[in-house]
Amino acid sequence: MEHDWQAFREGLLAWYRPDRRPMPWKENTDPYRIWLSEIILQQTRVEQGWPYFERFVAAYPTVGELAAAPDDAVMKLWEGLGYYSRARNLLRAARTVTAEHDGRFPDTYAGLLALPGIGPYTAAAIASFAFDRQVAVLDGNVFRVLARYAGDATPTTTGPGRKHFQQLAERALGDTPAARFNQAIMDFGALVCTPKLADCAHCPLATSCRALAEEKVYALPLKKRKTAVRTRYFHYLVIKDEQERYLLEQRPAGDIWQSLYQFPLVEAERIDLSLPRLTAHPNWPADLAPDPLRHMRRSGVYRHQLSHQTIGAVFHVLSVGDLTAPAYPPSGMLVVPRAEFERYALPRIITRFLEDTSLTLGF
DNA sequence: GATTCGTGGCT
DNA sequence: TAGCCAAGAAT
C-alpha cells in the first residue's frame, strides 16, 4: 500500500512547465483575479471560461467595483456559462469582502471557506495560489491522477472517499511549494493523465504508476453511478405587441435557471399541446386573458440537455394590441422592448430561439 | 449523504 | 447517439 510519493513529486515537477497551459491568471497572485477565475472554472473548461474571465475583469477590475454592481448586470455577464448560483454567490462574496473585510480577501483556508461559493477546492486553490498556504487542492484532475498512480479504487464520490484522497493529496504534496505543485498536478491531469486516451506512452510517471502496471488506467477513478435525468416540457409564450414589446418574467428560486429571465412559461405534461388546450391548462398564468391573444406561429421543438434534466420547449408566438394597456402586465411580468433584451440574462434555450428567429424574421 | 445546479466538447 | 466530463458547491 506504500507508494513512492517522492518519485511522484519529482517526476511531476520536472515535467511541469507553466506555459504548457497558458491562462490569464497563472503566475499572478492577485487574490481577486484568482478567486474570480476559480469560481468561473468550477465544472467549466478553461476555453469556455476564459472569455468570461476577461469580460469580468474588464467590467470590474476590483472586488469593490464588483460589489457595487447591480445583480442583473452580473447575471447578464454570466449569461450562457451555466450554474448560475455561482454568479449570485460571486456577488454575495464580493459584497461580504468589501463590507466586512475592508476589501481584502481572507488569507487562510478557513477564512476563504466561509465565503459563499467557496468550497474545499476553491479555498485550497486561493489559499495556495494567492497566499502561499501549504494546502493541497482536490479536483477532478487530482482524483484521477492520484487514483491511477496509486492504483486506488476507493470511490471518489463519497464523503469518506473524498477524505481519503485529501490525505493522499497531502502526502503527495509533502513540503513542495503548494502553488506550483497544485498547478502542476492539475495541468498533468488535463494534458497527460486524461480521462480518455491518456498519454501513458510519454508519461514521466509511467514507471511507478500502479494503474498502468495493472492495466486499470481506464477503470480509475471509480465513481458511483449517477441518478436518472427527468424530462420536462416547456411552452413559452412569446407575447408581442404592435410596438415590438414583449412580456418577460424572472424565474423563481427552487428550480433551474434561478433569477434568469424568460418568456412567460406554461410547463405541461407533454409537448404537443394546441393553444386552446394550453390556455385551459392549470399552469396558464392566472391573470393573462387568452382572448386578446392572436396565434401567429409555433416554433419547432427545442431540446436542451442539462445535467439532470432534459427540456423540450416550444415557443408560441402570440400578438396582442398594446402591452402598456391597463390590463397589462400580469403580476410578476415585465413589458420589455425587443431592443432592451440585451439587459436581461436568458437561459441558453431562449437565446438559441432568438438567434434562429432573428435570422428568419425581423424579430 | 444523496441530489441538484448549465453548458459545451468529445468519443 | 448517449454518456462522460470539465480547476465543485449548496442544500
Side-chain angles (χ1 to χ4, degrees), chain A residues 21 23-26 33-53 75 78-90 92-93 112-130 135-145 155-163 165-166 169 178-179 181-191 193-198 218 221 223-230 232 251 253-260 303-311 345-352:
Chain A
R21 236 188 153 200
M23 301 191 200
W25 47 84
K26 224 167 183 176
R33 294 170 64 97
I34 292 171
W35 164 71
L36 179 58
S37 69
E38 293 300 341
I39 301 298
I40 286 174
L41 288 179
Q42 286 168 5
Q43 294 291 284
T44 303
R45 294 176 185 281
V46 172
E47 312 83 65
Q48 188 186 1
W50 184 308
Y52 285 85
F53 175 81
M75 296 310 296
W78 201 272
E79 181 186 75
L81 195 53
Y83 285 144
Y84 297 95
S85 66
R86 290 184 295 170
R88 296 191 302 273
N89 286 332
L90 186 82
R92 288 176 51 204
L112 290 160
L113 192 60
L115 291 171
I118 296 185
Y121 164 77
T122 306
I126 303 174
S128 62
F129 297 167
V135 288
V137 297
L138 198 53
D139 78 329
N141 291 302
V142 181
F143 277 122
R144 187 171 57 254
V145 170
T156 58
T157 48
T158 69
R162 221 201 89 84
K163 194 168 223 170
F165 279 100
Q166 185 69 47
F181 177 91
N182 285 335
Q183 293 186 9
I185 194 171
M186 288 192 284
D187 276 9
F188 184 75
L191 298 175
C193 197
T194 49
K196 301 181 178 181
L197 299 175
Y218 297 108
K223 300 183 178 184
K224 289 187 60 183
R225 296 270 71 83
K226 60 177 191 300
T227 55
V229 305
R230 67 170 165 143
R232 303 169 72 179
R251 286 188 62 79
D255 201 350
I256 57 172
W257 301 323
Q258 179 184 335
S259 73
L260 272 65
R303 179 190 167 88
H304 190 78
Q305 191 65 54
L306 293 84
S307 46
H308 288 76
Q309 300 182 31
T310 299
I311 308 295
L346 307 168
R348 199 63 188 96
I349 195 169
I350 292 183
T351 60
R352 275 204 291 140

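Bear in mind the structure is a predicted one, so any value in this text is a computation, not a measurement. Naming convention: chains lettered A, B, ... in sequence-line order (proteins, then strands); numbering from 1 in each chain.
Every residue meeting the ring-ring contact (aromatic ring centres under 6.0 Å, His included) condition with A:W257, not counting sequence neighbours, appears here in chain and number order: A:H304. Annotation: ring-ring contact (aromatic ring centres under 6.0 Å, His included) contacts of A:F129 (sequence neighbours excluded): none. Among residues two or more places apart in sequence or in another chain, the ring-ring contact (aromatic ring centres under 6.0 Å, His included) test is passed with A:F143 by A:F165. For A:R251, the salt bridge (Lys or Arg N to Asp or Glu O under 4.0 Å) test picks out A:D255, with sequence neighbours left out. The side chain to side chain donor-acceptor pair (under 3.5 Å) test applied to A:S307 returns no partner, not counting sequence neighbours. With sequence neighbours left out, A:R348 forms a salt bridge (Lys or Arg N to Asp or Glu O under 4.0 Å) with A:E355. Taking A:K163 as the reference, nothing meets the salt bridge (Lys or Arg N to Asp or Glu O under 4.0 Å) condition, with sequence neighbours excluded.
The CG atom of A:L115 sits 8.0 Å away from atom CD1 of A:I126, with the distance rounded to the nearest 0.5 Å. Distance CD1/A:I34 to CD1/A:I39: 12.5 Å, rounded to 0.5 Å.
Residue-level contact check: A:N89 touches the backbone only, with heavy atoms under 4.0 Å from sugar-phosphate atoms and none from bases. Across all strands, A:G159 comes closer than 4.0 Å to no nucleic acid atom at all (heavy-atom distances).
Rounded to an integer number of Å, the gap from A:K223 NZ to C:dC4 P is 10 Å. Atom P of nucleotide B:dT3 and atom NZ of A:K224 are separated by 8 Å, given to the nearest angstrom. Remark: P of C:dG8 and CG of A:L113 are 16 Å apart, rounded to the nearest angstrom. Remark: C1' of C:dG8 and CD of A:Q166 are 13 Å apart, rounded to the nearest angstrom. Between A:R303 atom CZ and C:dA2 atom P there is a gap of 7 Å when expressed in whole angstrom units. Following rounding to the nearest Å, A:L115 (CG) and C:dG8 (P) show an atom-to-atom distance of 19 Å. Whole-Å rounding puts the A:L41 CG to C:dG8 C1' distance at 11 Å.
Proximity of residues 120-128 of chain A to DNA chain B (heavy atom under 4.0 angstrom from any strand atom) is not detected for any residue.
Each of A:V145, A:V137, A:L191 was checked for a side-chain contact (heavy atoms from CB on, under 4.5 Å) with A:M186, and the lone residue meeting it is A:V137.
Between A:G117 and A:R21, the residue whose closest nucleotide on DNA chain C is further toward the 5' end is A:R21.
Taking atom C1' on both B:dG1 and C:dG8, the two are 16 Å apart, rounded to the nearest angstrom. Comparing B:dG9 with C:dA9, their C1' atoms sit 23 Å apart, to the nearest whole Å. Taking atom P in both B:dG6 and C:dT11, one finds a spacing of 14 Å when rounded to whole Å. Rounded to the nearest Å, the gap between the P atom of B:dT11 and that of C:dA7 is 15 Å.
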Report summary line: Heavy-atom contacts, protein to nucleotides 4-11 of chain B, under 4.0 Å, summarised as B (base), S (sugar-phosphate only) or - (none) per nt, yield BBBBBB--
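Remark: A:R144 is in phosphate contact with C:dA6, judged by side-chain N or O atoms under 4.0 Å from OP1 or OP2.
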